[in-house]
Novice: 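Here you go, one structure.
If you're wondering where the values come from, they're calculated on a predicted model, not measured in any experiment.
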Amino acid sequence: MHDIRAIRENPAAFEAALDRRGLSGISATILKLDEARRGKILASETAQAMQNAVSKEAGAAKGRGDEAEFNRLRTLVAEKKSEVAALAAEADQFDRELRDLLLGLPNLPLDEVPDGADEDGNVEIRRWGNPRNFEFTPKEHFEIAGVKPGMDFETAAKLSGARFVVLKGAVIRVHRALSQFMLDTHIEEHGLQETWTPVLVKEEAMYGTNQLPKFAEDSYQTTNGWWLIPTSEVTLTNTVAGDTLDVATLPIRMTAHTQCFRSEAGSAGKDTSGMLRQHQFEKVEMVTICTPDTALAEHERMTNCAQAILEKLEIPYRTIVLCTGDMGFGAQKTHDLEAWLPGQNKYREISSVSTCGQFQARRMNARFKVPGGKPEFVATLNGSGLAVGRCLIAVLENGQQADGSVDLPKALHPYLRGKTKINANGVLE
């Protein structure tokens, strides 16, 4: 959410920043609503002061026995009371309209973020590893002979419909090994605190991390009002909602492995084959709560944490900076990591790491305090470390062999009790 005082002080800068995200003419509407709201508040306070003064005069008239004057003033007090209530209601209405408008506006991009209308404006900043030269035409993950016995889309469709999968045997063991490997690496090497959180949250938590109100159709809501999390960014970030933290406790660096749920409302026709885009999936998420002046350094650190996972798994990848037109709603700046998928002969997103500045903190009212100073809003960051299902796809496709078997990365061998491959019949060996 945005600071209305900053908009008042420099509407041109606010307008220019939103214009980079494809929005224009918003600041005038904001200032008009803000002026109307403040006018009603001032009028209400003035009327309240008059009501108090007249009430005091009425008490004095009553005390000296002047019934006529008392009755006149009592009527005036009642009128002023009604006026105050009406003005306060109008101020509340303008306040709601202003809040709703601000809640629907995306975060402002940092100056260093490249301009662009869509993904064509993204800028590659790093590439690691060389895609393997296959002596055969590589298959997509769901076409590999050794994978087919452990990746059942037909049963999943019978149970739940499209965009679900049942994983079995060797495939689910590799999937589980990946999540454990990611957690261990982040905890032991990257200094993140493992956290286990619910997957059902209150509505205010979804507002706090900007899934609501704009992206309601992308998430699932239960009949009693809970929401299924699209990622544990929601729960991890909201652990500090409403808090004022001692600066000495920052940064807070967390990681969690959870089920995630997305309706994929805007992806009709996209990635319908395989398990690249699912309604239910698992992620190992990273979240940092820090002071605003350290946020960009934390962004680089978190990006390095995600990159390290791919490097340990020997998966070629590239890192890109998203342009203003492709960046997520709550982000000030985003790095996407794209893993090489030989079955598609292209790089595909496997992690997004974003710094949100104080945008989410304002929505959550999460602050920190320096001794002797005033409370300030914290900065929040989030990133995938990594999406487990997509990482599984990358491992399977990059490790596939001509006979339909899959060689597995050395980093996973200890998590598979020394097993090094999935044979062409779908068995670990």
Novice: Could you state the interatomic distance from NE2 (H335) to CG (N304), rounded to the nearest 0.5 Å?
Specialist: 9.5 Å

Novice: As a quick check of understanding, evaluate side-chain hydrogen bond (donor to acceptor under 3.5 Å, both in side chains) for K369 and T244, giving each step before the final call.
Specialist: CA-CA 7 Å; K369 191 175 185 297; T244 299; over 6 Å; no

Novice: Apply side-chain contact (heavy atoms from CB on, under 4.5 Å) to residues I7 and L102 and explain how you reach the verdict.
Specialist: CA-CA 11 Å; I7 300 172; L102 292 175; 4.0 Å; yes

Novice: How long is the span from the CE atom in M1 to the CG atom in N365, to the nearest 0.5 Å?
Specialist: 11.0 Å

Novice: Quick one: which of N345, I315, L310 gives a side-chain contact (heavy atoms from CB on, under 4.5 Å) with W340?
Specialist: N345

Novice: Within a strict 4.5 Å, meaning less than it, do heavy atoms of the P138 and Q400 side chains meet?
Specialist: yes

Novice: Contact between H2 and I30 at the side-chain level, heavy atoms closer than 4.5 Å - yes or no?
Specialist: no

Novice: Look at the side chain of D218 and the backbone N and O of S263, then say whether any donor-acceptor pair between them is shorter than 3.5 Å.
Specialist: no

Novice: Out of curiosity, L296 CG to Q332 CD, how far, rounded to the nearest 0.5 Å?
Specialist: 7.5 Å

Novice: Would you mind reporting whether M182 and V388 have side-chain heavy atoms less than 4.5 Å apart?
Specialist: yes

Novice: Answer yes or no: is there a side-chain heavy-atom contact under 4.5 Å between P409 and V395?
Specialist: yes

Novice: Answer yes if the side chains of R96 and Q93 hold a donor-acceptor pair under 3.5 Å, and no otherwise.
Specialist: yes

Novice: Under 3.5 Å, is there a donor on one side chain and an acceptor on the other for N398 and E314?
Specialist: no

Novice: Ignoring hydrogens and geometry beyond distance, is a side-chain donor-acceptor pair present between S219 and Q211 at under 3.5 Å?
Specialist: no

Novice: Locate the shortest heavy-atom distance separating R20 from T324; write the atom from each residue and the value.
Specialist: O-OG1, 2.9 Å

Novice: What pair of heavy atoms forms the shortest contact from R21 to G328, and how long is it?
Specialist: NH2-O, 2.9 Å

Novice: Less than 4.5 Å apart, any side-chain heavy atom of L341 and any of L276?
Specialist: yes

Novice: Check whether S354 reaches the backbone of A331 with its side chain - one donor and one acceptor, N or O, closer than 3.5 Å.
Specialist: no

Novice: Tell me which one of E338, E311, E300 satisfies salt bridge (Lys or Arg N to Asp or Glu O under 4.0 Å) with R126.
Specialist: E311

Novice: Can you classify the ring geometry of Y415 versus F181 as parallel (below 30°), tilted (30 to 60°) or perpendicular (above 60°)?
Specialist: perpendicular

Novice: For a quick test of reading the model, state the closest non-hydrogen atom pair linking P11 to L31 and the distance between them.
Specialist: CB-CD1, 3.7 Å

Novice: Determine the minimum heavy-atom distance between T231 and R262, stating which atoms define it.
Specialist: CG2-NH2, 4.0 Å

Novice: Taking V234 as the fixed residue, which of T258, I229, N210 is the one that meets the side-chain contact (heavy atoms from CB on, under 4.5 Å) rule?
Specialist: I229

Novice: Scan residues 384-396 for pairs that pass salt bridge (Lys or Arg N to Asp or Glu O under 4.0 Å), counting only residues two or more places apart or in two chains.
Specialist: none

Novice: Do the side-chain N and O atoms of H257 and E282 include a donor-acceptor pair separated by under 3.5 angstrom?
Specialist: yes

Novice: How about Q48 and N52: does a side-chain donor come under 3.5 Å of a side-chain acceptor?
Specialist: yes

Novice: May I ask you to say whether R253 pairs ionically with E298, meaning some side-chain N is under 4.0 Å from a carboxylate O?
Specialist: yes

Novice: Who are the side-chain contact (heavy atoms from CB on, under 4.5 Å) partners of T249, not counting sequence neighbours?
Specialist: L245, D246

Novice: Taking the side chain as everything from C-beta on, heavy atoms only, tell me whether D118 gets closer than 4.5 Å to D326.
Specialist: no

Novice: Is it true that R348 and E397 make a salt bridge, defined as a side-chain N closer than 4.0 Å to a carboxylate O?
Specialist: no

Novice: Would you say the side-chain atoms of Q401 pair up with the backbone N or O of G399, donor to acceptor, closer than 3.5 Å?
Specialist: yes

Novice: Are there more than 12 heavy atoms of other residues, nucleotides or ligands under 6.0 Å from atom NZ of K421?
Specialist: yes

Novice: Please name the pair of heavy atoms, one in Q358 and one in P292, separated by the smallest distance, quoted to 0.1 Å.
Specialist: NE2-CG, 3.4 Å

Novice: Do the non-hydrogen side-chain atoms of F142 and M275 ever get within less than 4.5 Å of each other?
Specialist: no

Novice: Do E140 and S273 get their side chains close enough for a donor-acceptor pair, meaning under 3.5 Å?
Specialist: no

Novice: Measure across A162 and F164 and return the closest heavy-atom pair with its distance rounded to 0.1 Å.
Specialist: O-CD1, 3.1 Å

Novice: So, E97 and K40, do they make that salt bridge, N to O below 4.0 Å?
Specialist: no

Novice: Can you list everything that forms a side-chain contact (heavy atoms from CB on, under 4.5 Å) with T291? Sequence neighbours excluded, please.
Specialist: V247, L250, D293, T294, F368

Novice: In sequence, state the C-alpha distance, the side-chain angles, and the governing distance for S352 and D336, and then conclude on side-chain hydrogen bond (donor to acceptor under 3.5 Å, both in side chains).
Specialist: CA-CA 4 Å; S352 281; D336 264 13; 2.3 Å; yes

Novice: So Q360 and T380, side-chain hydrogen bond (donor to acceptor under 3.5 Å, both in side chains) or not? Walk me through it.
Specialist: CA-CA 7 Å; Q360 293 179 331; T380 64; 2.7 Å; yes

Novice: Say you draw a straight line from OH of Y207 to CH2 of W227; how long is it, rounded to the nearest 0.5 Å?
Specialist: 8.0 Å

Novice: Which residue is it: R8, E15, K32? I am looking for the one with a side-chain hydrogen bond (donor to acceptor under 3.5 Å, both in side chains) to S27.
Specialist: E15

Novice: Look at the aromatic rings of H190 and H186 and report parallel, tilted or perpendicular, splitting at 30° and 60°.
Specialist: tilted

